Every structure is written in C-alpha cells, then in structure tokens.
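Worksheet: one structure, shown below.
This is a predicted model, so every value here is computed, not measured. Throughout, a chain's letter reflects where its sequence line sits, starting with A, and its residues are numbered from 1.
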There are 2 protein chains.
Amino acid sequence: MNEADLLARLRSLPLHEAARGLADDAAVLGSAEGALVLTHDMIAEGVHFLSADPPESVAWKLLAVNLSDLAAKGASPIGVLVGQALSGDAAWDAAFTDELGRALAQLDCTLLGGDTVTLPGGAPRMFGLTAIGRAGPAGAPSRAGARSGDALYVTGTIGDAGAGLELLREGRDGPPRLIAAYRRPMPLIADGRALAPLVTAMMDVSDGLLIDAGRMAAASGLAIGIDLDRIPLSHDFVAHAGDDRPARLSAATAGDDYQLLFAAPEDEEWPVPVTRIGRFHDGAGLMLEDRMGHVPLPERLGWEHAGAT
Amino acid sequence: MNEADLLARLRSLPLHEAARGLADDAAVLGSAEGALVLTHDMIAEGVHFLSADPPESVAWKLLAVNLSDLAAKGASPIGVLVGQALSGDAAWDAAFTDELGRALAQLDCTLLGGDTVTLPGGAPRMFGLTAIGRAGPAGAPSRAGARSGDALYVTGTIGDAGAGLELLREGRDGPPRLIAAYRRPMPLIADGRALAPLVTAMMDVSDGLLIDAGRMAAASGLAIGIDLDRIPLSHDFVAHAGDDRPARLSAATAGDDYQLLFAAPEDEEWPVPVTRIGRFHDGAGLMLEDRMGHVPLPERLGWEHAGAT
C-alpha cells in the first residue's frame with residue numbers, strides 16, 4: 001500500500017464534513033466568520049529532512065509547513081500541538097525545542113499542547129504538528145473552487161527551495177538565499193489573509209508547482225494551461241540554474257516553495273505581488289507551453305505522496 | 001534530556017492560555033459553553049504497544065487514549081486528525097486503517113484530516129492523533145481544582161489492563177477481559193460528560209492510579225491520602241492476581257486503565273458508578289494506607305514519562 005492507496009482507504013472512513021473529503025490542505029470547522037482551520041503534518045528524518053539538517057531548520061520547517069497550510073486557507077494561527085520524539089541526542093533535542101519557541105514567537109503563534117515519546121535507539125527522528133487557525137470573514141477558500149476562465153496566480157518565486165536542497169545534497173556552495181528558502185520557508189499568513197476574499201480556490205505549493213496546479217484543476221473539475229515562461233524565478237535561481245526550459249521545468253517540479261497558488265478572475269490589482277501563470281478551461285488535465293510552443297509534461301510533476309490535510 | 005526535562009523546556013515556550021501551562025490532559029480553547037478541547041498523543045511500537053499487538057488493537061488504542069483525554073474534560077468528540085506512518089506491511093497498514101474507521105464509527109467520532117508518511121525500512125511504527133471535542137455547559141474541569149476536604153473518586157475497576165499486559169508479555173493464558181482491557185480500553189465519554197459539572201478536578205488514569213492521583217494533588221497544591229483497600233478491583237483481576245497488598249499495589253501502579261479520577265465534595269449520589277478511594281488535605285505528597293495501617297510508597301508509582309496534553 002502506498003500513500004495514495006492509504007488516502008483512498010482513509011476516504012472511506014467516517015469523515016467529518018469539515019474534512020472536505022480529505023481533498024484540501026486543511027479541515028474547516030464551521031462556515032461563518034471565525035471558522036476553525038485545522039491541519040496536521042508529520043515530518044520524518046530521511047524523508048522530509050536530511051539527517052545533517054540542523055535541528056533549528058527542522059523545527060522551523062515543522063511549524064512553517066503547517067502554518068503555510070493555514071495561510072492557504074486565509075487563516076490566522078491560534079496555536080499548535082506538537083508531537084516530539086526524543087532522539088537520545090540531548091543537545092539536538094534541546095536545540096529543536098528552543099528553535100520551536102523562537103519560531104512560534106516570530107510567527108505570532110503559541111503552543112497549545114502536545115506529546116513526547118522516547119524512541120528506541122536508532123529510530124529515525126519524527127515529529128508531528130497540528131496547527132489550528134481562525135479563518136477570515138470570507139471563510140476558507142478550498143482548492144476545488146476554480147471556475148473556467150479563471151486565471152492561475154502564484155506569489156513570490158518558484159524553485160528556490162529545490163535549488164537549495166540540490167546544493168545541500170551535493171555539498172556545493174551556492175547563494176545563501178536558495179539554502180534559506182529550503183531550510184527556513186516563510187508561511188505567507190498575511191498574504192493568504194489578504195488574498196482569501198478575492199480568490200475562487202487557493203492552496204500552497206508544497207509538492208511542486210505543476211503537480212499542485214494539476215491537483216487544483218482536478219479538484220475543480222477543470223483543465224489548466226500553464227505558461228512556463230511566466231513562472232517567476234528569483235535572480236539567485238537564474239544565476240544558479242539558468243532560465244531555459246529545463247531550468248524552468250526543474251523549478252516547477254521541485255516543491256518546498258510554500259508560495260500561494262490561487263485561481264481568480266483576471267485582475268490587475270492585487271493586495272500583494274503575484275504573477276499570472278496560467279488559465280483554467282473546461283476539460284481535464286494539465287497543458288504546458290512556453291515561447292517555443294507546446295512543452296511535453298515531464299515524467300515527474302512533483303512529490304507524488306498522498307498529500308496532507 | 002528525558003521527557004520531564006523536555007516538558008520543562010516546552011513550558012518556557014510561548015504558551016497559549018488554553019494550554020493550561022501544559023499541566024493538564026488537554027488544551028481548552030474558550031471558556032463559555034462550547035469551548036473546544038484539544039489533545040494530541042503519539043504512540044510508538046516498542047514503547048506504547050508491543051510489536052506483536054494486532055493492528056486492530058493499535059488503531060483502537062490510538063483513538064481511545066485520545067478520546068479518554070476528552071472524556072476527562074467532560075467533552076464530546078468532534079473529530080480527529082491522524083498521522084499514520086506506512087510500515088511497508090500493506091496488510092498491517094490496511095487493517096489498521098479499517099479498524100480506525102470502525103472505532104470512529106463505534107465511538108461516534110469522525111476523521112477531520114491528517115497526514116501520511118512512508119517510513120524508512122526497519123523504523124518502528126509510529127502514529128499521532130489529535131482529537132478535538134466540545135466541552136459541556138459547565139466547561140472543562142482541570143486537574144488542578146481539587147479543594148482540601150474533597151474526596152477522591154474513581155470510575156470502574158483498576159489494574160485490569162496492567163494484568164492483561166502482563167499476560168501478553170509472558171505469553172500466558174488468562175481472563176480475556178483482562179487482555180481486552182489492555183487492548184481495547186473504552187473512553188468514558190458519557191461518564192465524563194455526566195461527571196464534569198459535579199467535580200472540582202478530573203483526569204483519566206493513564207500512567208497509574210498512584211502517580212496520576214499524586215499529579216492531581218500536586219497540581220491542586222494539596223496532599224492526597226489513598227486507602228489501598230478501597231481501590232476497586234475486578235473479579236477477573238482478583239482471580240488472576242489476588243487482592244493482598246502487593247496485588248493492590250500492582251493494580252494501583254500499572255496504568256492503561258483509562259478510568260476517570262476526580263475530586264469532589266463527598267456525596268452518596270453519582271450519575272455513574274464510582275468508588276471513593278481517598279481524600280485531599282492541606283499539605284503536599286501522597287499517603288497510602290490499608291487495613292494494616294500505613295503503606296510505604298512503592299519505588300515506582302506508575303509510568304514516569306512526561307505526560308501528554
């Protein structure tokens with residue numbers, strides 16, 4: 001059984017209406033102003049982070065990736081419950097916890113509770129975090145609400161974290177901002193809150209722009225066309241990887257961006273900087289193009305795990 | 001760093017008021033009718049369950065121990081978020097998930113969301129669950145509210161699960177009800193709801209009656225005296241282990257009971273069957289007695305991990 005099989009099986013369990021069929025970034029409890037948004041992500045050593053990653057980076061990411069799911073629903077964080085496994089390395093564990101505290105303070109969040117467990121020796125480090133937030137007055141946009149003719153927008157730049165991970169894996173030097181994008185992604189809470197009332201669908205880019213955009217289109221029952229040339233790349237990314245078709249495809253499939261991806265009627269006025277990169281159409285599937293014309297889809301659109309609520 | 005050190009460190013993090021200083025079974029968000037009660041527990045193979053435990057038992061316990069924390073706050077379950085690690089044994093994982101669904105249905109709960117992760121080969125199985133419930137009109141009793149002169153009460157019988165675990169560990173035959181008490185504890189949701197308006201403090205017995213009663217007394221700033229002879233034992237427990245002082249001490253320190261332990265003014269009328277086993281006094285510490293007189297405290301009062309919210 002892989003994660004997609006498991007997700008299918010979980011969908012047959014007694015689901016709360018708030019679970020949105022386990023097809024969204026988060027559960028949304030209540031529908032009026034003040035609805036609660038709940039999300040839970042686990043991270044494991046060797047899967048979601050490298051064994052050599054410093055504890056500060058792991059703690060930051062654990063919190064940031066969950067708050068990013070809240071941001072994608074336009075929610076403001078209330079607090080988190082943390083499941084922390086003790087690794088037997090006291091200095092590592094202490095540094096993790098201290099950084100979690102700094103991250104909570106910096107991201108205007110608090111600790112609500114949690115659990116600790118002492119793992120058997122040699123077991124990989126593993127953490128779980130449940131984040132709870134409050135949706136804005138317009139409610140929490142789903143990823144299933146895009147309409148035919150809507151444009152697809154994304155915040156920030158894409159591919160920086162993927163390039164940072166590549167540098168770390170290969171032990172190479174490179175622009176510090178790329179490594180920081182991988183190790184210390186910033187959940188876009190304020191951006192999500194500002195955008196939520198204006199969008200028809202929103203999610204965060206965690207597994208890769210292409211796979212995530214395809215999921216939004218599929219959830220909305222639509223096709224999506226993306227202009228690869230419009231995908232916003234940072235100066236550092238271009239300096240590191242270039243901006244030809246292969247570089248752009250690598251950025252669009254790398255994941256870990258934690259930018260906000262949203263569908264909305266085309267507009268020139270947005271409360272935060274965004275880039276229009278595609279358009280939704282009747283039909284199904286993902287089509288890519290650039291200035292050279294049609295772009296064949298790469299074999300791998302992003303991280304193919306089951307996704308998380 | 002052990003779990004108690006970690007808990008002390010976590011208490012220095014930015015805590016939400018709802019976290020109750022990380023000194024309760026659950027966080028309580030809001031104080032009027034309808035307050036939300038949130039709790040998160042992790043369970044790991046080799047720590048909280050045996051490698052040979054059937055997946056059905058593990059799934060049931062994961063849900064039941066969290067709902068027991070809600071029961072101790074007089075809350076009714078709304079739903080859960082589940083972190084499930086895939087073990088590589090598809091039949092095991094599928095049986096776990098299917099049983100989780102049956103348990104949710106049986107315990108009148110639903111799935112809100114969660115996350116899945118594929119563990120590296122050989123890693124111990126590990127699960128996390130966040131349960132969310134709604135408190136009753138009287139709010140959620142803390143474990144810190146006992147008053148001097150209050151009696152200490154417990155529901156049900158104590159020691160059955162511990163005896164069941166002993167039978168399983170030793171591969172011996174024994175009363176099926178003892179094994180069921182270990183493998184399929186029943187969260188006392190209805191009892192908790194009925195008792196919550198009547199108590200000054202309440203918690204569930206998860207780590208052992210003595211250690212948990214001592215925690216309630218310490219949180220309340222009081223001493224507690226317990227009459228070992230009054231601790232309610234089941235017929236099966238007595239048939240298996242006897243009811244002399246060592247047997248009673250073993251029951252009172254075994255843990256995994258998931259009965260409700262509460263402080264309240266002495267009364268003869270309770271909405272559910274309960275047994276009075278002790279009394280709170282000014283002072284500090286835990287005193288034990290039985291018909292023979294003072295009972296020296298055993299070296300181990302229960303499971304000494306840090307506790308969980």
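For chain A, the option among B:Leu10, B:Asp5, B:Asp93, B:Asn2 with the highest count of heavy-atom pairs below 4.5 Å is B:Leu10. Highest contact tally toward chain A, considering only B:Asp98, B:Leu100, B:Val82, is held by B:Asp98 [criterion: heavy-atom pairs under 4.5 Å]. Note: B:Ala94 leads B:Ala44, B:Ala18, B:Ala94 in heavy-atom pairs under 4.5 Å with chain A. Contact count versus chain B (heavy atoms, under 4.5 Å) is highest, among A:Gly128, A:Pro14, A:Ser12, A:Gly101, for A:Pro14. Annotation: maximal heavy-atom pairing with chain A below 4.5 Å, among B:Leu104, B:Ile132, B:Thr118, occurs at B:Thr118.
Both the backbone and the side chain of A:Ile78 have a heavy atom closer than 4.5 Å to some heavy atom of chain B. Residue contact with chain B, scored on non-hydrogen atoms closer than 4.5 Å, involves the backbone and the side chain of A:Gln84 alike. Contact of A:Val47 with chain B is made through the side chain alone, with heavy-atom distances under 4.5 Å.
Listed by chain and number, the residues in a salt bridge (Lys or Arg N to Asp or Glu O under 4.0 Å) with A:Glu99 are A:Arg102, A:Arg184 (sequence neighbours excluded). Residues passing the salt bridge (Lys or Arg N to Asp or Glu O under 4.0 Å) test with B:Asp204: none are found, sequence neighbours excluded.
Ion pairing of A:Asp212 with A:Arg143 is absent here, as no side-chain N (NZ or NE/NH1/NH2) approaches a carboxylate O to less than 4.0 Å.
No side-chain N or O of B:Ser142 forms a donor-acceptor pair with one of B:Arg20 less than 3.5 Å apart.
A 6.0 Å sphere centred on CG of B:Asp108 holds no more than 12 heavy atoms belonging to other residues, nucleotides or ligands.
Taking the ring centre of B:Phe127 as origin, the terminal cationic atom of B:Lys61 falls outside the region bounded by 6.0 Å and 45° from the ring axis.
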